[in-house]
Amino acid sequence: MELKGMEFDTMVASYLLNPGSRQHNLDAVVFTEFGYEMTPIESLIGKGKDQLTMDQVDINRVADYAIEDADYTWRLYKRLDKQLVKNKLRELMDKIETPLIPVLAKLETNGVMVDVPFLNKMSREITARIDQLEKKIYKMAGREFNVRSPLQLKEVLFDEMGISKLGLAKTKTGTSTAAAELDKLQGAHPIIDLILEHRELAKLKSTYTDSLPELINPKTGRIHTSFNQTVTATGRLSSSEPNLQNIPIRTELGKKVRQAFVAPRNERILAVDYSQIELRI
């Protein structure tokens, strides 16, 4: 269904007025503006495995719930519209943000094709490399341990191997072994480089090569991300479920993941990138 005749969006208006806030949904903005608590949908349909569908709820209760939504959306429109005008933001709303909504909807609906055999092959290659790295790490450490466990990593690096932890950040459980902290140890011992590579590969495998194929919609054969117009405090768009704006590019293997995003037959993907200019422009 294509939405037409849209005049105003209370979520976008709230975001323009309060970009630092993380909550711009109807319930949150109504509470902020009017101090009124909207009826939670769970009070109608419940939660978990016993959750009902809306057609199973008494029609009078559904009517009250729907009327409350419509009523407070209208009240918000009248209040937020005045605030936009007062703050000289109405033109930004009308000329950039509102016309962007159907564009993002189309991008989300179209989705993106992914080369699954390519990702599967890449996943097998990464698994083989991780196995090689673990063997080398165990040999240097003098024993086997869970490389992914921060606690075991601390024991091996600092207690058993005696690598200096000077200048490293502390956590509740002792010295931090976060990637940024291990970066500081590069050159202190060859095992550090192996652990950093192991981490990067494990993340690539879990976040991309293994998980992207599972996110493909069976009906369309594509991945459909959500482009978030009302999330970042800086005014940039963000992308979630999955985040397609965070595909790695700094390493050769990371760049390879990008090759998995493909065009349909007889089509091309066109990449246009003006540095520091936001996608919505």
Side-chain angles (χ1 to χ4, degrees), residues 1-19 21-29 41 54 66 69-70 73-74 76-77 80-81 84 89-119 207-209 211-249 254-255 257-281:
M1 296 196 305
E2 190 181 339
L3 180 66
K4 291 185 179 178
M6 194 188 72
E7 170 62 23
F8 196 89
D9 188 306
T10 55
M11 179 181 266
V12 171
S14 167
Y15 169 69
L16 289 177
L17 290 161
N18 305 289
S21 169
R22 300 291 291 177
Q23 291 288 323
H24 301 285
N25 59 62
L26 189 63
D27 291 11
V29 182
I41 194 166
M54 203 59 113
D69 272 7
T73 300
W74 179 248
L76 268 184
Y77 158 63
L80 297 182
D81 185 36
L84 287 173
L89 290 168
R90 190 65 215 249
E91 190 179 7
L92 175 63
M93 173 94 173
D94 292 342
K95 292 194 173 174
I96 291 183
E97 297 296 342
T98 303
L100 179 66
I101 296 169
V103 175
L104 294 181
K106 192 171 183 182
L107 281 169
E108 291 179 356
T109 305
N110 287 346
V112 62
M113 285 183 72
V114 174
D115 185 340
V116 176
F118 177 86
L119 284 173
T207 312
Y208 302 109
T209 61
S211 68
L212 285 176
E214 292 173 9
L215 297 171
I216 293 170
N217 183 304
K219 286 183 182 174
T220 64
R222 296 186 179 200
I223 288 176
H224 300 270
T225 188
S226 291
F227 287 108
N228 308 306
Q229 198 175 349
T230 61
V231 168
T232 71
T234 58
R236 301 195 77 173
L237 295 171
S238 73
S239 159
S240 56
E241 296 180 22
N243 181 353
L244 294 183
Q245 290 178 300
N246 202 27
I247 307 296
I249 197 167
K255 286 179 189 173
V257 173
R258 293 181 170 228
Q259 294 174 32
F261 294 92
V262 293
R265 189 185 293 275
N266 301 322
E267 300 282 345
R268 289 274 189 275
I269 288 178
L270 174 66
V272 183
D273 181 16
Y274 289 99
S275 180
Q276 304 304 311
I277 295 181
E278 173 51 28
L279 177 60
R280 74 181 71 205
I281 306 296

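Fair warning: this is a prediction, and the values are worked out from it, not measured in the lab.
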Neighbour count >12 (heavy atoms, 6.0 Å) for atom CD, Q259: yes

Nearest non-hydrogen partners of H24 and N18, listed with the distance: CE1-O, 3.1 Å

I101 CD1 to D9 CG distance, which is reported to the nearest 0.5 Å: 4.0 Å

Side-chain donor/acceptor of E108 to backbone N/O of F227, under 3.5 Å: yes

Sidechain-backbone polar pair: Y15 side chain, T232 backbone, donor-acceptor under 3.5 Å: yes

R90 and D81, any side-chain heavy atoms less than 4.5 Å apart: yes

Evaluation steps, side chain to side chain contact (heavy atoms under 4.5 Å, CB included), between F261 and L212: CA-CA 10 Å; F261 294 92; L212 285 176; 3.8 Å; yes

Heavy-atom closest contact (L89 atom, L17 atom, distance): CD1-CD2, 4.0 Å

Side-chain (T230) to main-chain (V12) donor-acceptor, under 3.5 angstrom: no

With sequence neighbours excluded, residues passing side-chain contact (heavy atoms from CB on, under 4.5 Å) with M113: R222, V262, P264

Flag, side chain of T225 to backbone of E241, donor-acceptor distance under 3.5 Å: no

Student check: side-chain heavy atoms of F8 and L84 closer than 4.5 Å: yes

Closest non-hydrogen atom pair between L237 and Q245, with its separation: O-OE1, 3.4 Å

Partners meeting side-chain contact (heavy atoms from CB on, under 4.5 Å) with T73 (sequence neighbours left out): T10, L26

Non-hydrogen atoms of Y208 and P213 that approach each other most closely: O-CD, 3.9 Å

Minimum heavy-atom distance G221-I216, with the two atoms named: C-CG2, 3.4 Å

Atom pair CD1/CG of I96 and L92 - distance to nearest 0.5 Å: 5.5 Å

Candidate pair N110 and H224, rule side chain to side chain contact (heavy atoms under 4.5 Å, CB included), full reasoning: CA-CA 7 Å; N110 287 346; H224 300 270; over 6 Å; no

Side chain to side chain donor-acceptor pair (under 3.5 Å) involving K95 - partner list, sequence neighbours excluded: E91

Distance, nearest 0.5 Å, that separates CD of E214 from CD1 of I223: 10.5 Å

Shortest non-hydrogen separation from L80 to S14 and the atoms involved: CD1-N, 4.1 Å

Euclidean distance, R236 CZ relative to Q229 CD, rounded to 0.5 Å: 15.0 Å

Step-by-step side chain to side chain contact (heavy atoms under 4.5 Å, CB included) determination, T209 to F118: CA-CA 9 Å; T209 61; F118 177 86; over 6 Å; no

